[in-house]
Amino acid sequence: MSMIAAFYGGKSILITGATGFLGKVLMEKLFRTSPDLKVIYILMRPKAGQTLQQRVFQILNSKLFEKVKEVCPNVHEKIRAIYADLNHSDFAISKEDMQELLSCTNIVFHCAATVRFDDPLRRAVQLNVTATQQLLLMASQMPKLEAFIHISTAFSNCNLKHIDEVIYPCPVEPKKIIQSMEWLDDSIIDEITPKLIGDRPNTYTYTKALGEMVVQQESGNLNIAIIRPSIVGATWQEPFPGWVDNLNGPSGLIIAAGKGFLRAIKATPMAVADVIPVDTVVNLTLAVGWYTAVHRPKSTLVYHCTSGNFNPCNWGKMGIQVLATFEKIPFERAFRRPYADFTSNNFMTQYWNAVSHRAPAIIYDFYLRLTGRKPRMTKLMNRLLKTLSLLEYFINRSWEWSTYNTEMLMSELSPEDQRVFNFDVRQLNWLEYIENYVLGIKKYLLKEDMAGIPEAKQHLKRLRNIHYLFNTALLLIAWRLLIARSQMARNVWFFIVSFCYKLLSYFRASSTLKV
Ligand SMILES: CCCCCCCCCCCCCCCCCCCCCCCCCCCCCC(=O)SCCNC(=O)CCNC(=O)[C@H](O)C(C)(C)COP(=O)(O)OP(=O)(O)OC[C@H]1O[C@@H](n2cnc3c(N)ncnc32)[C@H](O)[C@@H]1OP(=O)(O)O
Ligand SMILES: NC(=O)C1=CN([C@@H]2O[C@H](COP(=O)(O)OP(=O)(O)OC[C@H]3O[C@@H](n4cnc5c(N)ncnc54)[C@H](OP(=O)(O)O)[C@@H]3O)[C@@H](O)[C@H]2O)C=CC1
């Protein structure tokens, strides 16, 4: 029997960010392995015209929860959706709900965050710092609380090259930042943002670092642990391989490459692609929840959930495998044939952006206009280029994360727990994982039918023929223009033609002699 699964039995668990990528997989695993847990409280807000109940219904009826419904048929009774907006000062939770949360919660998993790289500092501070502070304040009033697990990111200290499992201080105290957000106006905040984030690339990584400091400062007597995952990717094994439901991290770029929009990317092929499957992150998170509650370490432990030091894969290998998978499993209605190259410097990046991204988009939009349709490709391409520029920082560098605590935890688990809550990425086969990832994107994100693969392959063949035809026509026109203008080109042309003629005559003569 798994000790970790047994630990969560009968527990009341509070999850923030349960509607997000990580949160859903966390909830799924909890219900599947500990169907006798008492209740999962999820702090959530209505979104896109859907009420809380509609959102929960949608999650429970998704493919991700199919196995859960077999193991835990009354799962819907065990989820308590609580209205909460983490942007509000008191989360806007009703008095009765707050009372219930405070008196019943045993474990807190704090996953909610804004993961956008382009958020203004005020928004990022509100969600990633202030909300964390307020949740800790709530946690300090929970008499039955056994552990508080905070999800951070391995990139919270991406300004360092070697990162230990410790909380690094930021120059300005988080409390001062929180206070200043209350009275500074937006234009001043925008002005001071670059100074505050310093050598970090965006407000996301900066505010996640501040969030960790808040956790350390407000921990009081709580049993707290911090998990730092690197780039979270599709599921590796559980509940099935390849599940993914958002465009963050590599997923959006894989789609852009598969649909033929992305043709070149400024990336360092040898840089480590520190992708970590979401089910691995969840398994570590649940193991950490158990360990923190049962063993009560004296200080706040930080756990790195990364792949680079256990089983490294680089962006070059990943890119090649992604492209190889498109041969077998193409996406439908591609704009161009999937082919992308890594560029190494700014000049080449600008060149390929103009030739391979902007020019085809302008030509296509011109064609759409001619045929009476609304142009859209230039807008889409501009978005892609903006995304590329924001992700560039992470695909041109490598980091080293020490994993002392993560390895210590692995050694503390029983063989059964090591199997059920496996977070040992040394067992991961990257080629197989990437293939399942691409397949998962096709099925669960793009919602494409596998029966459409032959037609998708036909479409790619047509695109290849158009490509060859276009290039040949372009070459002939260029050559014709050159011959018309240059004596030298004419001489070269006559030389090639007479050489070919002589070669042909020679072969003809030698074959006549043989007869
Ligand atoms: C040695 C030999 C060498 C050989 C070389 C071989 C070459 C082979 C090359 C092949 C290439 C093949 C493919 C590529 C393979 C892999 C490459 C992968 C690189 C991956 C890099 C990942 C790096 C991630 C780093 C993360 C570090 C931190 C991790 C974390 O802690 S947090 C999680 C990460 N967070 C994010 O990823 C958030 C990023 N997103 C944003 O910040 C925003 O969404 C935005 C990008 C700024 C966009 O904002 P907008 O306001 O413009 O848009 P909005 O969000 O409202 O969405 C608008 C529409 O755009 C769609 N969209 C959103 N995000 C993405 C995305 N990431 N990519 C693409 N599209 C996206 C969105 O759906 C909307 O669409 P609509 O609804 O239709 O309008
Ligand atoms: N994805 C990744 O590559 C990585 C993620 N992480 C960390 O993992 C955690 C989870 O990330 P991930 O699941 O990918 O992110 P998602 O963007 O998928 O999920 C974010 C969650 O936070 C919730 N949320 C955001 N704003 C509010 C709000 N104002 N009130 C209530 N809830 C809110 C969202 O709710 P709603 O659905 O209503 O928007 C959603 O449930 C984050 O802490 C992130 O920093 C760390 C490393 C890498």
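In this text, all values refer to a predicted model and were calculated from it rather than measured experimentally. Starting from 1, each residue takes its place in the sequence as its number. Just follow the structure's listing: the first ligand is 1, and inside any ligand the first atom is 1.
- Those atoms of ligand 2 with a heavy atom of N246 less than 4.0 angstrom away are 18 (O).
- In this structure a side-chain-to-backbone donor-acceptor pair under 3.5 Å is present from T235 to W243.
- Within the 4.5 Å cutoff, the side chain of T203 has no heavy atoms near those of the T114 side chain.
- Residue contacts with ligand 2, taken as heavy atom pairs separated by less than 4.0 Å, involve Y204 solely via side-chain atoms from C-beta onward.
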Show your working on side-chain contact (heavy atoms from CB on, under 4.5 Å) between V215 and I167 and close with a plain yes or no.
CA-CA 9 Å; V215 169; I167 298 167; 5.5 Å; no
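- Using cut-offs of 30° and 60° on the angle between ring planes, the pair F155 and W401 is perpendicular.
- Residue-ligand proximity: R45 is placed with a non-hydrogen atom under 4.0 Å from ligand 2.
- Every atom of ligand 2 with a heavy atom of K208 under 4.0 Å away is listed here by number and element: 42 (C), 43 (O), 44 (C), 45 (O).
- At a heavy-atom distance under 4.0 Å, only side-chain atoms of V115, from C-beta outward, approach ligand 2.
- Every atom of ligand 2 with a heavy atom of T153 under 4.0 Å away is listed here by number and element: 46 (C), 47 (C).
- Near D85, meaning under 4.0 Å from one of its heavy atoms, ligand 2 places the atoms 28 (C), 29 (N), 30 (N).
- Every heavy atom of H110 sits 4.0 Å or more from the atoms of ligand 2.
- Distances shorter than 4.0 angstrom do not occur between any heavy atom of T114 and any atom of ligand 2.
- For ligand 2, the atoms closer than 4.0 angstrom to any heavy atom of A113 are 20 (C), 22 (O), 25 (C), 42 (C), 43 (O), 45 (O).
- When only interatomic distances are considered, the shortest N/O to N/O separation between L22 and ligand 2 falls below 3.5 Å.
- Checking only distances, K47 does come within under 3.5 Å of ligand 2, N or O to N or O.
- Neither the backbone nor the side chain of R123 has a heavy atom within less than 4.0 Å of ligand 2.
- Under a 4.0 Å criterion applied to the non-hydrogen atoms of T19, ligand 2 contributes the atoms 34 (C), 35 (O), 36 (P), 37 (O), 38 (O), 40 (C), 41 (O).
- Relative to the ring axis of F7, K11 places its NZ or CZ within 45° and under 6.0 Å from the centre.
- Listed by atom number, the atoms of ligand 2 under 4.0 Å from R55 heavy atoms are 36 (P), 37 (O), 38 (O).
- The shortest N or O to N or O distance between V232 and ligand 2 is below 3.5 Å.
- Put simply, the side chain of L391 reaches to within 4.5 Å of the side chain of F117, judged on heavy atoms.
- Under 4.0 angstrom from ligand 2, the non-hydrogen atoms of S152 all belong to its backbone.
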Throw together a table of side-chain donor-acceptor distances under 3.5 angstrom for residues 20-33, partners on residues two or more places apart or in other chains.
| unit_1 | atom_1 | unit_2 | atom_2 | d |
| --- | --- | --- | --- | --- |
| K24 | NZ | D245 | OD2 | 2.3 |
| E28 | OE1 | R32 | NE | 3.2 |
| E28 | OE1 | R32 | NH2 | 3.0 |
| E28 | OE2 | R32 | NE | 2.7 |
| K29 | NZ | E238 | OE1 | 2.7 |
| K29 | NZ | E238 | OE2 | 3.0 |
| K29 | NZ | N283 | OD1 | 3.1 |
| K29 | NZ | V420 | O | 2.5 |
| R32 | NH1 | E238 | OE1 | 3.2 |
| R32 | NH2 | E238 | OE1 | 3.2 |
| T33 | OG1 | K29 | O | 2.6 |

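- At least one N or O atom of G20 sits closer than 3.5 Å to an N or O atom of ligand 2.
- Residue L127 touches ligand 2 through its side chain alone, judged by heavy-atom distances below 4.0 Å.
- Counting only residues at least two apart or on different chains, the ring-ring contact (aromatic ring centres under 6.0 Å, His included) pairs with a member in residues 251-289 are F261-F335.
- Using a 4.5 Å heavy-atom threshold, the side chains of L210 and Y206 count as touching.
- Residue contacts with ligand 2 for T16 are absent, since no atom lies close enough (heavy atoms, distance under 4.0 Å).
- No more than 12 heavy atoms of other residues, nucleotides or ligands sit less than 6.0 Å from atom CZ of F57.
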Assess the residue pair E70 and K67 against the criterion (salt bridge (Lys or Arg N to Asp or Glu O under 4.0 Å)); give the C-alpha distance rounded to whole Å, side-chain angles, the decisive distance to 0.1 Å, and a yes or no.
CA-CA 5 Å; E70 285 167 24; K67 279 190 188 164; over 6 Å; no
For a side-chain hydrogen bond (donor to acceptor under 3.5 Å, both in side chains) check, start with the C-alpha distance between H304 and T406, then their side-chain angles and the critical distance, and finish with the verdict.
CA-CA 6 Å; H304 281 159; T406 305; over 6 Å; no
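- Counting the atoms of ligand 2 from 1 in the order shown, those under 4.0 Å from a heavy atom of I151 are 7 (C), 8 (O), 9 (C), 43 (O).
- Between the side chain of S152 and the backbone N or O of I226 there is no donor-acceptor pair closer than 3.5 Å.
- At under 3.5 Å, a nitrogen or oxygen of C111, whether backbone or side chain, sits near a nitrogen or oxygen of ligand 2.
- Contact of the S251 side chain with the Y437 side chain is registered, since non-hydrogen atoms from C-beta on lie closer than 4.5 Å.
- Contact annotation for S230 and ligand 2: only backbone heavy atoms (N, CA, C, O) come within less than 4.0 Å of the ligand.
- Scanning G23, A112, P250, P229 for the heavy atom closest to atom 23 (C) of ligand 2 points to A112.
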